[in-house]
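Start at 1 and go down the list; that is how both ligands and their atoms are numbered. Treat the numbers as computed from the prediction; the structure is a model and nothing was measured.
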Amino acid sequence: PYLLLRNNFCYIQIRMGKKLVIGSSGQIGVELIEQLAKDFGANQIIAADIKSVLKGKNSAVEYVTLDILDKEKLLKIIKEHNISEVYLLAAMLSAIAEKNIQLAWDLNMKGLLNILDLAKEKYIEKIFWPSSIAVFGPTSPKLNTPQSTLLEPNTVYGISKMSGERWCEYYFLKFGVDVRSLRYPGILSYKSPPGGGTTDYAIEIFHAAINHGFYDSFISEEVTLPMVYMEDAIRATTEIMQADRKNLSINSSYNLAAISFNPEEIANEIKLIFPEFKITYSPDFRNKIALSWPSTIDDSFARKDWGWKHDFDLKKTIIEMVNGIKNSGFN
Ligand code: NAD
């Protein structure tokens with residue numbers, strides 16, 4: 001089936017196919033699948049991951065096993081399931097990537113190029129690919145970091161995300177590939193464990209407070225990082241995918257912001273709920289990564305172009321995390 005849309009000049013035909021989420025068993029994938037199934041119907045969503053044991057599986061959604069680097073199988077799945085939209089979440093995150101340089105580069109880069117090429121060849125109509133605050137480096141401004149600024153990341157992950165952004169813009173300008181992207185900050189959630197990033201401490205601290213009353217933080221007390229609650233991150237993702245392309249002035253990846261805090265501030269908030277909670281600090285290599293990233297982000301382009309507005313402030317995020325972990329969170 002095709003949808004006929006009119007722009008200023010002519011009619012354009014959009015193929016109405018299913019949505020494929022690649023990396024569907026990860027921290028974001030598990031929750032994105034739920035939202036997309038709610039919005040479009042579970043039979044319109046295909047979930048793909050390299051893991052054969054699929055955690056957090058939605059029984060109404062069809063799951064397939066896929067290595068994103070296997071372009072042949074990827075194309076087969078796209079054809080077989082009439083896919084028109086891809087959410088590419090499979091990647092190696094910042095902390096793990098530092099220990100697997102070549103693999104991280106291959107996965108983060110070739111995975112994206114495989115999808116961009118298939119869109120260029122018209123097998124896919126629209127792509128979502130997340131970038132990260134890791135594109136910024138020690139020479140980027142730390143406060144209210146602008147959309148366009150010096151990008152000299154010094155991590156494998158950051159270098160791959162920065163290069164990915166350049167490829168996204170290139171494929172859009174050169175081949176008209178409709179790829180949309182957000183520079184996610186650290187994402188806070190409780191339904192699925194984080195995948196080995198630098199901001200994972202801000203999730204671990206809640207589990208530790210609830211289960212042990214104690215947390216030893218690998219990020220030092222004064223290092224402020226930008227974060228967003230999962231529900232907001234998912235809404236940002238679905239909103240940018242629904243936005244009218246002609247309103248999008250950023251063709252690489254949008255800055256996205258919600259809240260910012262450091263370990264000491266979050267620990268103090270947690271102490272208001274669990275007065276016995278204790279925190280100590282043993283910064284490791286991840287602290288160095290965190291020090292190279294911004295503290296606060298200027299996301300005015302996202303707010304202006306497609307109406308981004310976060311809903312979860314720090315207090316609301318903390319309440320959701322504590323209640324969520326107590327009631328159903330992973331252990
Ligand atoms: P995650 O590590 O939790 O999940 C990634 C998923 O990809 C896993 O289920 C993994 O099995 C799968 N995967 C790995 N290699 C694969 C392959 N070769 N083929 C298919 N699937 C494969 O990651 P996440 O936190 O859900 O992040 C998703 C995306 O969002 C990534 O691109 C990440 O860089 C980006 N991002 C995440 C955060 C965050 O805080 N979680 C912040 C910024 C950006």
Close N or O approach ([X], ligand 1; < 3.5 Å):
| X | result |
| --- | --- |
| I187 | yes |
| A91 | no |
| S131 | no |
| G26 | yes |

Between [X] and ligand 1, find which residue part has any heavy-atom pair under 4.0 Å and reply side chain, backbone, both or neither.
| X | value |
| --- | --- |
| L88 | neither |
| S24 | neither |
| L107 | side chain |
| Y157 | side chain |

Which residue and heavy atom of the protein sit nearest [atom], plus the separation:
| atom | value |
| --- | --- |
| atom 17 (C) of ligand 1 | I68 CG2, 3.6 Å |
| atom 20 (C) of ligand 1 | L66 O, 3.1 Å |
| atom 8 (C) of ligand 1 | D49 OD2, 3.6 Å |
| atom 27 (O) of ligand 1 | I28 CD1, 3.6 Å |
| atom 42 (C) of ligand 1 | P185 O, 3.3 Å |
| atom 41 (N) of ligand 1 | Q27 OE1, 2.8 Å |
| atom 31 (C) of ligand 1 | L89 O, 3.2 Å |
| atom 16 (C) of ligand 1 | I50 CG2, 3.6 Å |

Give the atom numbers and elements of ligand 1 that come within less than 4.0 Å of a heavy atom of [X].
| X | answer |
| --- | --- |
| G186 | 40 (O) |
| S25 | 9 (O) |
| D67 | 17 (C), 18 (N), 19 (N) |

Exercise for the section: Verify whether one side chain among T296 and S260 offers a donor that lies under 3.5 Å from an acceptor in the other. Expected result: no

Problem - Check: D39/Q35 side-chain N/O donor and acceptor closer than 3.5 Å - result: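 Present: a donor and an acceptor within the cut-off.
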
Problem - Heavy-atom neighbours of W105 CH2 exceed 12 at 6.0 Å - result: yes

Practice task
Can you establish whether the number of heavy atoms outside E80 located under 6.0 Å from its atom CD is more than 12?
Solution key: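 Enclosed: over 12 neighbouring heavy atoms sit under 6.0 Å from CD of E80.
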
Completion exercise
Test side chain to side chain contact (heavy atoms under 4.5 Å, CB included), reference P294, set T224, N255, T145, output is T145

Practice task
Please name the residue in the list P130, S132, S181, C168 that meets the side chain to side chain contact (heavy atoms under 4.5 Å, CB included) test with S253.
Solution key: S181

Please determine if [X] and [Y] form a salt bridge, counting it only when a charged side-chain N lies under 4.0 Å from a carboxylate O.
| X | Y | answer |
| --- | --- | --- |
| D244 | K246 | yes |
| D311 | K309 | no |
| K316 | D313 | no |

